[in-house]
Amino acid sequence: MKIRFYNSLTNQEEDFVPLEPGKVSMYSCGPTVYDFAHIGNFRSFLFGDLLRRFLELAGNEVHHVMNITDVGHMVEGEADKMMEAANRVKANKKSGRVPEGAIQDPNDPYQIAEYYTQAFLQDARRLGYKVAYEYPQNVPRATDHVEGVDGMIGMIQKLLDRGHAYIAEDGVVYYSVESFPEYGQLSGNSIEKIKSNAGGRVSDENQSRKKHPGDFMLWKPDQNHIMKWDSPWGVGYPGWHIECSVMARKLLGRDVIDIHTGGEDLIFPHHECEIAQSCGTTGQDRFARFWIHARFLFVENEKMSKSLGNFYTARDVFEGKVKVADDKTGSPVEMGKKVHPAVLRFELIKSHYRMNMNFTVKGLIDSAQTIDRMVEFRKSLEEKTDGESADVDLSHPVLDAFALALADDLNISGALGVMLPWIKGDHPDPNLSLAVFKKMNSVLSVAPINEGISGAAEEVESESEAAELEQAQQWANQMDAARKDKDWPTSDAYRDKIHAAGFEVQQTPEGSKIKRRLGV
RNA sequence: GGCGUCGUAGCCAAGUGGCUAAGGCAGCGGAUUGCAAAUCCGCCAUCGUGGGUUCGACUCCCACCGACGCCUCCA
């Protein structure tokens, strides 16, 4: 199968063939753990997951690594991220958003990072993000890779030795972009253009110490920083970009990796700097052979931002905190209905990664509908087959068409255009159909959400959820009794109750059946 | 200003130099139903604008309009 991806490095689609046949090395930029991850983060992460799962479907063994950025980096004119988080945690503890006792000491950045790391992993796992199940071996934390010759300090030293870095008069270690003529290739910049400092966000005072305005920090000596390590250049902390160069090389075990993913905003400066550092260290002309970037997510056609009130974390969505216009007043109110993780996952992966996706309540409703259909389909096949599926490979025409669509720059719409009508069609051989469905679901991972993840816990209903189900089923039984007596008003009353409790009721020859709504 | 991505029905969205422009949602009509839900059947677009190339373009080229991103916080 010919696989093609759009490579940001060359701005064109290219044939993808891993360096080592059948084995793909892939690195994704992960979250900075100073707050709960939002749906925009997950759009980018889940795109990486989809990519990885597709490559696996295509017969590759994928070594996927994603970092956790738990170092607070100073931003000029702004508070350090971890400091910011500390202040927020203190406020949130009062409001109950961060549970009492979750973080003993909000002034300890390691505790804050740990808390948000665990929260992230939990969200990611609920969303079927495969690499999150491989923590910690494939999900390294930046703070674990600062020291040592194969750590950030080692790489910075190597860059100094090789003449790609220098120590400025204020003791800060900078990367010298002029030592790396390819700097700017990824983002379409050139060292000349960067010199003009078009963005104008960096103060003159800071610029004056650098040899070139584009030079970026590798190590900053700072005794007062909230997180600090000893180094040959004094006690301080590393620059933001160096961690990815180090961890990609260290964990993937190679100087040139196949794929590097991230959000489009990371192209410049983050990924540009990673390339400069990695190539500067290894002497190779490439760091990642393919750079694949996901576009931004919008919410109801607007950029997601806290000030617009449309900023949602994954858990906000799970908990039904997405806002909808109130029927009467038109002002935004929380929709109040829980959203199943599979629905959110599907919503975030169902549009092409290189298109801006627009997150909407209507989209969630659509997704819930689609997932529901898939779940029902699978259930009916499993009932017919006792869960026994046949063996199937990509030579099956439906799977072939499905995979072929994805092989074309991850054309998910095309793939769904194969899958959904197929589900609707006839299935004379349920064992075979089940096998086909499972293969498709190993990529989509929505019905159920943990397809192909060994050791992933089955979704367990909590006690209160089980009680709700029990209650709803009792109403359904009473509904049946009323229907038997043709007592329609009573029957309808029970149906309303069932709906209000978040369930669907279906009339079947064996009586009314209860099904939990997926949400929305 | 520079570098990119994109513009297909009410919404999401695939695709092709020429047969009927996928698929999903919503909507409409029908079957079914006590009424609904679910299900099933059917209906529902000429592809941002203006030029050009061509026997023929929505698909190729040019211009314009519009949306969005990046140009040292950001997935």
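Chain letters run A, B, ... following the sequence lines, proteins first and then strands; every chain starts at 1.
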Report each atom pair, protein N/O against N/O of nucleotides 11-15 of chain B, whose distance is under 3.5 angstrom.
from	atom 1	to	atom 2	distance (Å)
B/A13	O3'	A/S413	OG	3.3
B/A13	O2'	A/S413	OG	3.2
B/A14	O3'	A/N411	ND2	2.7
B/G15	OP1	A/N411	ND2	2.8

Salt bridge (charged side-chain N to carboxylate O under 4.0 Å, His left out) contacts in which one or both residues fall within residues 291-304 of chain A, not counting sequence neighbours: A/E264-A/R295
My understanding is that only residues two or more places apart in sequence, or in another chain, count here; which of them pass ring-ring contact (aromatic ring centres under 6.0 Å, His included) with [X]?
{"X": "A/H38", "answer": "A/F311"}
{"X": "A/F503", "answer": "none"}
{"X": "A/H164", "answer": "A/Y175"}

task: Might you confirm whether atom NZ of A/K439 has over 12 heavy atoms from other residues, nucleotides or ligands at distances under 6.0 Å?
output: no
- prompt: Between atom CD in A/E376 and atom P in B/A37, what is the gap in whole Å?
  reply: 17 Å
query: To the nearest angstrom, how far is A/R354 atom CZ from B/A75 atom C1'?
result: 17 Å
Watson-Crick or G-U wobble mate for [N], both contacts under 3.5 Å:
{"N": "B/G34", "value": "none"}
{"N": "B/G1", "value": "B/C71"}
{"N": "B/A63", "value": "B/U49"}

message: Between A/Y116 and A/F36 (judged by ring centroids, cut-off 6.0 Å), do the two rings come close enough to count as a pair?
response: yes
- prompt: So, do A/Y115 and A/F120 have ring centers that fall under 6.0 Å from each other?
  reply: no
query: Expressed as a whole number of Å, how far does the C1' atom of B/A21 sit from that of B/U59?
result: 11 Å
Within residues 477-495 of chain A: residues closer than 4.0 Å to RNA chain B (heavy atoms): A/R483, A/W488, A/S491, A/D492, A/R495
task: Go through A/D372 and A/K515 one step at a time and tell me if the salt bridge (Lys or Arg N to Asp or Glu O under 4.0 Å) criterion holds.
output: CA-CA 10 Å; A/D372 194 51; A/K515 191 177 75 183; 2.9 Å; yes
N/O donor-acceptor pair, side chain A/R295 with base B/U5, under 3.5 angstrom: yes
